[in-house]
Structure formats: structure tokens, C-alpha cells
A.B. asks: 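Here's a structure for you.
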Amino acid sequence: DKRPKKDLNSNSPYHLLLGHHIVDVKTLGKELFLILDHPSCVRVHFLMSGYVRYNHQQSDPDESARKNAPEKPRLELKLSKDTVSFYQCSTELRNLEESLSRWERMITLDICWNMFDAVRATERILEESNQERMVVDVIMDQQILPGVGNIIKNESCFDAGINPLTKIKDLTREHVAHLIKMNRDFSMIFYNCRKYGKPLHKHYKMYRFSICKQCGGKVTKCKPGEYERGTYFCRTCQNNQLGSGPHKNSLLGWARLGTGQASWNCGACTLVNKAGSAKCVACGTDKQVGGDKLGVGGVKRKSGDDDSRVGGAKSQKVETTVITSHQNHLETEQHLVSSKPIVTHKTQGGHTFTFKSSVSPNNTNTASKSAASSVLKPQNSTTLPSHNTLPPHTAAQHPAQDAKQPQAELCKGHKAPCIKKTVSKEGPNKLRLFWTCSLPKAKSCNHFSWADLAHPKCKHGAITLLREVYKMNENNGREFFVCPKPKASKEQCDFFQWNN
């Protein structure tokens, strides 16, 4: 409770719920709705790192607070048998009828929902009201794709090969369908990493990088559009060509040694499932009905039967065949671009939802494969505008520049390379850099050391902060040192130095 101290001993609006029963729980993006037998419902938004504790026990492996006694919860509900506590979130009471109406209207657009309607999401993006908006704004709009955040935005645009500064009017339906699929795929990676406490940063290919991991070129950094959130893109790889996108160091373009079984794409929600899954883990569609068999990320694999002797030991020869870049990402999006989608109905939680799909639940995916060629390229042969705003000489930068960066420190507990983070907590150390253990929080050794001790000192004698140029000019992406004191307080000195 963040009410003023003088109000802490008085009843809050939530006391009106005393004695009422919770009859349902619904989620939408980062929102959670507690439905009670009351005209109001409790709406919880988990913000950047919110979490829940039941009976004061840690249950979320990705909890940001690992202390036995964390900070005071934002809201705590004492039920007849259990206690539910919400941390690092925002809460409010909302009208029940309006909240249920909004949930029913928006839930099929929730990027992580098991019955996500990719066709409807594509149509929403292509609406006339969005034609003049940039991709970076549309996919972050929670009224269009609830649940998509800034990390997902950057990674999915890179996976789709789409420049985030492109306007929707300059994209074809095929581009938008492909972008929706990449948002869905990376959102499920994000969800599973958070759910099981796995490190998400290992899946980053673009977010906060300075050098593109695909081509070695310079990453453009900016804060454009309506939301002014950090945006990162490679103008070489993200050139709005349907065949572009990652082909190495990516879940979308790797080959793995194995039994030769191919993973498959769900024909209903487009999720890539493991080979052994009989049903889609997201929507429950049977593999035989909607499954489009592909290798991991569109790579077909087969293991050879030939054995060769190397130094008296057996080694298996594995032959790997990579599909063309078009087939690599786009075969499963045929049903998203059909001009005459099939309408089906599904019921869940007492609600009936209408879905549009070009893949019939009673048909195989033969039609999708045979018609895949119509999805591979835009109808016109001209290249879509890539919206490159930087001078040509700033585009290419050799990956060897990364070698100039100091090597990561080893953590004390695991002797593994640390990751560098920035202090976000308000105080005198805000925005300073520090080293911490790279393992998930549940396995972290709690290593900590400052990573900025070698920074120059400003005129106050304080360690400077390392910042980056986000303006779209010839210095875009360059790092520089400035005084750590806040600019708004007028205490900041005029120290400035490029990080060369």
C-alpha cells in the first residue's frame, strides 16, 4: 500500500471487497483481473518485474526479489484459506462489466494466449487508422497486440527482417503476417524463460547490441515514435525483404545434432513445437491436423547411417540440409494471408470466440505447402523502402570493434563470465554500471562489483556515466562520458568525453 502515512490506518477502497468471493481470474497481456461477486473487479498490472506470492512463499523462479522477507506488497488479499500478495505492480478497482467486455474483445489478440488469432491481429494492424503509423508504434500498442513489450518488439522486428521505422502503408499483408508470427514466436520464448527461470538474454540478437550478430554491421539506436522507447535495428539485415532475417546464432536458423525428427509449426497459432509434442503446447491443436513439419527454425535434418573410425573411436556423420531463406521462415504463414479465411468457433471458460484461419481443422497442410510460393515475395518486384536515415559511411562497422571492449569479469561463485547491468534504483548510484552473475536468479551466486571504476572523473571528482547517442545523426550509437549528477538539478557540470 503506497497511500500517505496519515491514511494507512483508515480503510482503503479494497475494504469494500471484504466478505465477497473470487469467482474467476482472467489475464490479458501483463494485466490480471480478479473477478468477484461484486460490481467491481481488481485489476493488477505487473509492469516490468511484478510477481505474486502465495502464503508469503516464493513460487516464481524469475522473481526479482529473492529475499525471504521482500518489500511490502502493493496489495495483499487474505482469503479464507490462503494469502495472495502482489509485488512491484500497480493495482486498482475497475468496473466489472466494462472489464469483462474489454477482456472478451481483446483476448484473442493477446500474444501469449493459447487461442491467439494471428489473422485478426494482421487485420488490426492493416486497418486504415494505422497506415501512417510506424511499425515500432503499432506492435507496441496494447490495444492491438496486448503483451508485446520493448524487448519483444526489437527481437521480432529483427527476426522478421523488418525495419521498425517503416510505416504500415509501406508493408504488404505478407510482411505483416510474417511480423506477427515472429512476435508470437519470441513472445513464447520470453514466456518460457520467465516461467522456468531461464536466462532470456541468451536469446537476444538485437536488443541493446551495438554490432549486428548477423552481418557485423553497426546497429542503429534511437527512441522514435509515440512511445519513445529504445529501438535497435540493423539497416542491412532489416531491409524489409521477406527472405531476410537471422540465419546464424538464432533459434530461427540453427541446426542441431539429433535423431533427424523435425519440429513442426502449428497450423492454428503458428507456434514452433518440439518433434515429440502430439499437440501444440500453446493452443492444443493436434499435430496431425495443423502441423507443418519443419526442422528447428525451418531447418530440415537427417542423421547419416555411415560410421567412420577416427583414432579407433566411432563418430557419427550428420548431414544437414538448410531450406532456402524463403522457406526458412514463411511456409507456415500462408494461412495468415489468405483472402478468404475459414471461420471457426471455440469455447473456453464459458466464452465463445470466433477465429479466422485459412487452414481447416479437417484438412492437412498440403494446400499450405503448395501455395507457399505466393507468400515468398511481395507481388511487386520493387524493394520496399528501408527508411535508412544515416549516412552511408556509418552503416558498416567491423565486428572487431567488440574486441576493444573490456572482457567480462568472472563471477566468484561459478567462475563464469558476468553480465553488465545498469543501476535502475533511485539514488546516488543510478545509471552506474556493475557486474553480476549471468545465471538465473534462483541459481545466482549474487556476485557484484562495479564495472565503471576505469571511467574518467568529472569536474566534481565523481565517476562519470557512460551514455550513448540516440539521435539519428552521424554520431548515432557512439558512447560518451558525462557528469553523474542529474541535469534537471542544474548541478551537472559540463564534462564531456567520447569513449574511444
Side-chain angles (χ1 to χ4, degrees), residues 48-49 64 150-151 153-155 158 199-202 204-213 216-224 227-234 390 393-412 416-438 444 446-500:
M48 290 294 294
S49 54
S64 60
N150 198 44
I151 297 176
K153 173 198 76 178
N154 283 284
E155 293 298 326
F158 179 71
L200 178 65
H201 67 87
K202 291 185 178 180
Y204 292 172
K205 300 174 290 295
M206 178 55 58
Y207 181 65
R208 290 193 171 180
F209 279 83
S210 297
I211 301 298
C212 176
K213 296 180 70 174
K218 181 180 178 181
V219 170
T220 300
K221 305 178 181 184
C222 55
K223 294 183 178 180
Y227 303 104
E228 296 184 346
R229 298 290 301 276
T231 301
Y232 310 84
F233 65 94
C234 172
L390 297 182
H393 69 274
T394 65
Q397 185 168 336
H398 198 274
Q401 288 195 354
D402 280 350
K404 299 179 181 179
Q405 303 299 325
Q407 293 185 348
E409 187 173 297
L410 300 181
C411 67
K412 297 177 181 178
C418 294
I419 56 175
K420 188 184 294 184
K421 291 189 174 182
T422 304
V423 177
S424 58
K425 186 177 181 180
E426 293 293 338
N429 292 322
K430 186 176 182 180
L431 299 181
R432 287 191 64 184
L433 301 176
F434 64 94
W435 296 110
T436 186
C437 181
S438 61
S444 172
N446 296 322
H447 175 92
F448 175 89
S449 61
W450 290 114
D452 58 1
L453 299 181
H455 289 190
K457 294 184 178 181
C458 70
K459 296 180 179 179
H460 296 104
I463 295 176
T464 54
L465 300 179
L466 184 63
R467 309 299 294 270
E468 289 181 291
V469 176
Y470 275 69
K471 292 182 179 180
M472 301 288 283
N473 57 29
E474 65 277 4
N475 289 320
N476 182 268
R478 289 190 67 181
E479 297 178 331
F480 60 93
F481 299 102
V482 293
C483 175
K485 293 186 178 295
K487 190 175 183 179
S489 67
K490 298 183 179 180
E491 297 179 5
Q492 190 180 72
C493 66
D494 59 355
F495 180 88
F496 178 91
Q497 179 180 317
W498 290 113
N499 181 25
N500 296 319

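Predicted, not measured: the structure shown is a model, and the values here were computed from it.
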A.B. asks: Mark yes or no for whether Ser444, through its side chain, and Cys437, through its backbone, hold a donor-acceptor pair below 3.5 Å.
C.D. replies: no
A.B. asks: Might you point out which heavy atoms bring Ala408 and Pro417 nearest each other, and give the distance in Å?
C.D. replies: CB-CB, 4.1 Å
A.B. asks: If only atom types and distance count, is the side chain of Thr464 paired as donor or acceptor with the main-chain N or O of Pro456 below 3.5 Å?
C.D. replies: yes
A.B. asks: Tyr470: which residues meet the side-chain hydrogen bond (donor to acceptor under 3.5 Å, both in side chains) condition with it, sequence neighbours left out?
C.D. replies: Tyr232
A.B. asks: Write out all pairs satisfying salt bridge (charged side-chain N to carboxylate O under 4.0 Å, His left out) with one or both partners inside residues 481-500, taking only residues at least two apart or from two chains.
C.D. replies: Lys459-Asp494
A.B. asks: Kindly give the heavy-atom pair with the smallest separation between Phe495 and Lys457, and that separation in Å.
C.D. replies: CE1-O, 3.7 Å
A.B. asks: What heavy-atom pair brings Ala462 and Pro484 nearest, and what distance separates the two atoms?
C.D. replies: CB-CG, 3.7 Å
A.B. asks: Would you give the length of the straight line joining atom NZ of Lys471 to atom CG of Asn476, rounded to the nearest 0.5 angstrom?
C.D. replies: 11.5 Å
A.B. asks: Rounded to the nearest 0.5 Å, how far does OG of Ser210 lie from CD of Glu468?
C.D. replies: 5.0 Å
A.B. asks: If I take atom CZ from residue Phe158 and atom SG from residue Cys212, how far apart are they, to the nearest 0.5 angstrom?
C.D. replies: 4.0 Å
A.B. asks: Under the side chain to side chain contact (heavy atoms under 4.5 Å, CB included) rule, collect the residues that match up with Phe496, sequence neighbours excluded.
C.D. replies: Phe480, Val482, Trp498
A.B. asks: Using 0.5 Å steps for rounding, measure from the OH atom of Tyr207 to the NE2 atom of His201.
C.D. replies: 13.5 Å
A.B. asks: Please give me the minimum heavy-atom distance between His460 and Cys483, naming the atom from each residue.
C.D. replies: ND1-SG, 3.4 Å
A.B. asks: Determine whether Phe233 and Cys222 satisfy the following criterion, side-chain contact (heavy atoms from CB on, under 4.5 Å), listing intermediate values before the conclusion.
C.D. replies: CA-CA 9 Å; Phe233 65 94; Cys222 55; 4.0 Å; yes
A.B. asks: Looking only at the aromatic ring of each residue, does the gap between the centers of Phe448 and Phe434 stay below 6.0 angstrom?
C.D. replies: yes
A.B. asks: Could you pull out all donor-acceptor pairs under 3.5 Å where a side-chain atom in residues 426-433 meets a protein atom, sequence neighbours excluded?
C.D. replies:
residue	atom	partner	partner atom	Å
Glu426	OE2	Lys430	NZ	2.6
Asn429	OD1	Arg432	NH1	3.3
Arg432	NE	Asp452	OD2	2.8
Arg432	NH2	Asp452	OD1	2.8

A.B. asks: How long is the span from the CZ atom in Phe481 to the CD1 atom in Ile463, to the nearest 0.5 Å?
C.D. replies: 11.0 Å
A.B. asks: Not counting sequence neighbours, which residues clear side-chain hydrogen bond (donor to acceptor under 3.5 Å, both in side chains) with Arg478? List them please.
C.D. replies: Asn475, Asn500
A.B. asks: Kindly give the heavy-atom pair with the smallest separation between Lys221 and Gly477, and that separation in Å.
C.D. replies: CD-CA, 4.4 Å
A.B. asks: Side-chain contact, heavy-atom cut-off 4.5 Å: Pro224 with Met472?
C.D. replies: no
A.B. asks: Check whether Asn154 reaches the backbone of Gly230 with its side chain - one donor and one acceptor, N or O, closer than 3.5 Å.
C.D. replies: yes
A.B. asks: Main chain of Arg229, side chain of Thr231: is a donor-acceptor contact present, judged purely on distance under 3.5 Å?
C.D. replies: yes
A.B. asks: Taking all non-hydrogen atoms of both residues into account, name the closest pair between Glu155 and Lys205 and its distance.
C.D. replies: OE1-N, 2.9 Å
A.B. asks: As an exercise, state the distance from CE of Met48 to CD1 of Ile151, rounded to the nearest 0.5 Å.
C.D. replies: 6.0 Å
A.B. asks: Taking only residues two or more places apart in sequence or in another chain, which ones pass side-chain hydrogen bond (donor to acceptor under 3.5 Å, both in side chains) with His447?
C.D. replies: Glu409, Ser449
